[in-house]
Amino acid sequence: MFSLDSPAFLLFIAILTILWYRTAPNRRWQVLLAANALFCLSIDIGAFFAVLAASAGVWYVALRTVSDNPGRRKWLVVGLAFSLLPLLALKYSGMLVPGLRELYKPFGLSYYSLQLTGYLLDVYHGRIEPESKFSRLLCYSTFFLSMTQGPFNRYDDLMPQVDAAPLCFDSQRAVYGAQRCAWGYFKKLAIADRAAVVVNAAFANPHAFNRGQLIFAAVMYSFQLYADFSGYTDIVLGVGEILGLRLPENFRQPFLAASVKELWARWHMSLSHWFREYVYIPLGGNRKGTFRRDVNLLVTFLVSGIWHGANWTFLVWGGLHGLAQVAENHLPQPLRSRSRGVKRIAGIGLTFAIFVVTFTIFRADSLSSAWEYFACIASNPGHEVLSQYWVFGLTSRLDVLELLAGIAMLIGADLIHEKEIHIRARLSQSPRAARWVVYEFAIFAFLLMARFFSSGGFLYARF
């Protein structure tokens with residue numbers, strides 16, 4: 001199984017890179033298609049045939065939705081059924097019929113469904129020409145770097161890059177890509193997997209922890225999710241760099257956002273862009289008055305919640321983020337302006353608090369579990385957080401320090417990037433001796449802090 005956090009994936013990428021640069025540019029998409037198929041089959045054979053069937057249906061329909069076809073609207077409905085019905089049937093109905101979604105869990109269902117939907121709508125609206133070769137559309141829909149957790153790619157962005165990828169291997173580009181992959185693995189193995197120990201213990205039995213420990217665990221879940229998901233994205237984008245592909249950024253220092261609106265311009269950016277372009281704007285966006293804008297915002301976030309899974313927690317989570325944005329839009333302009341100074345610092349703190357509270361609901365198994373967690377925060381006495389670190393399942397005080405040090409490094413890197421200082425570029429311009437000091441420190445920190453045998457996979461793979 002070629003999970004991104006497995007040694008087999010590194011071997012897979014090494015072989016792919018060699019084949020990629022030994023293949024003529026006009027045939028590289030075929031190499032990528034073979035790699036996609038191997039990656040998908042290694043994860044779930046049945047799910048591979050599910051995406052194969054959905055892609056075939058959308059490909060066939062897209063050829064019949066061109067502007068000169070009088071029956072194109074009917075074909076569009078058929079195509080949307082091919083791309084979206086599996087998603088709706090296996091996720092949304094699971095909210096009403098518990099256990100239904102357990103019958104079949106195709107990998108990447110949420111991602112390839114929306115990518116195929118976006119492709120079909122782009123063809124229908126004349127933004128792109130329909131792909132005449134089914135195998136090329138299948139190459140797009142099964143793209144292994146985005147299959148399980150994104151980022152979302154547009155057909156007219158990804159496939160032209162595959163066709164025009166650099167002819168020759170570039171060592172500097174490979175170094176940049178490897179550096180980004182290494183940072184992603186550090187986030188995953190040194191921060192997310194260690195934070196998961198704390199989070200899993202607290203959410204499994206909140207009655208066993210005091211108020212301070214429960215708040216700490218909720219905050220740790222926010223950092224776990226960020227480190228896990230952005231770490232995955234760093235690995236994906238790093239591999240893309242090695243192959244000469246520029247994939248969409250998915251995160252831009254989200255915990256430095258000073259409003260919920262700004263948060264969603266920085267968090268899971270490719271998904272936010274998809275919902276804006278294919279849900280919010282078609283509903284009318286902000287073109288039909290204030291009330292309609294508010295309704296469109298709320299509906300878009302509710303749809304986003306449903307997309308995340310068949311659980312009422314996701315629907316409530318999406319609704320709360322939608323309501324928060326609606327409320328922000330009605331604040332007086334002086335309160336909405338948080339560009340600098342104390343207002344911005346206060347806005348960052350408030351936005352992070354909203355993130356922690358809403359994502360605590362997101363993390364809970366059910367609404368009743370979320371209510372139980374908040375009730376324990378309100379009622380359980382005590383504010384000691386780490387004096388009894390072993391109750392979280394941590395093995396020593398060093399374990400605690402490594403977790404906090406990892407988070408501090410994550411925040412520090414975000415602050416540097418927020419200042420538009422490109423760490424990798426600065427490092428490449430440094431003297432060789434300075435570079436190797438940094439490399440050796442990074443290797444030492446990674447080996448010291450990473451939890452190599454504790455991974456439970458990437459969090460967003462389950463969506």
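FYI, side chains are in, hydrogens and waters are out, and symmetry mates aren't considered; it's all heavy atoms of this structure. Given the structure is predicted, the values throughout are model-derived calculations rather than measurements.
Taking the six-membered ring for Trp and thresholds of 30 and 60 degrees, Tyr221 and Phe359 have ring planes inclined between 30 and 60 degrees apart. Phe229 and His268 have perpendicular rings, their planes meeting at more than 60° on a 0 to 90° scale where under 30° would count as parallel. The aromatic rings of Tyr278 and Trp274 sit tilted relative to each other, their planes meeting at an angle between 30° and 60°.
With contacts defined as side-chain heavy-atom distances shorter than 4.5 Å, the pair Leu138/Ser141 qualifies. A heavy-atom distance below 4.5 Å is found between the side chains of Met147 and Tyr112.
Using a 4.0 Å cut-off between charged side-chain N and carboxylate O, Asp228 and Lys187 make no salt bridge. Using a 4.0 Å cut-off between charged side-chain N and carboxylate O, Lys261 and Glu328 make no salt bridge. A salt bridge links Asp399 and Arg194; the closest N-O separation between the charged side-chain nitrogens and carboxylate oxygens is under 4.0 Å. The pair Glu418-Arg266 counts as a salt bridge, with a side-chain nitrogen and a carboxylate oxygen less than 4.0 angstrom apart.
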Query - Residue pair Phe144, Phe12: steps toward the ring pair (Phe, Tyr, Trp, His ring centres under 6.0 Å) verdict - result: CA-CA 11 Å; Phe144 77 96; Phe12 174 73; 5.3 Å; yes
Query raised in the report: Run the ring pair (Phe, Tyr, Trp, His ring centres under 6.0 Å) check on Trp317 and Phe314 step by step: do they pass?
Result: CA-CA 5 Å; Trp317 166 84; Phe314 300 129; 7.3 Å; no
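The salt bridge (charged side-chain N to carboxylate O under 4.0 Å, His left out) analysis of residues 237-255, with sequence neighbours excluded, yields the pairs Arg180-Glu249, Glu241-Arg424.
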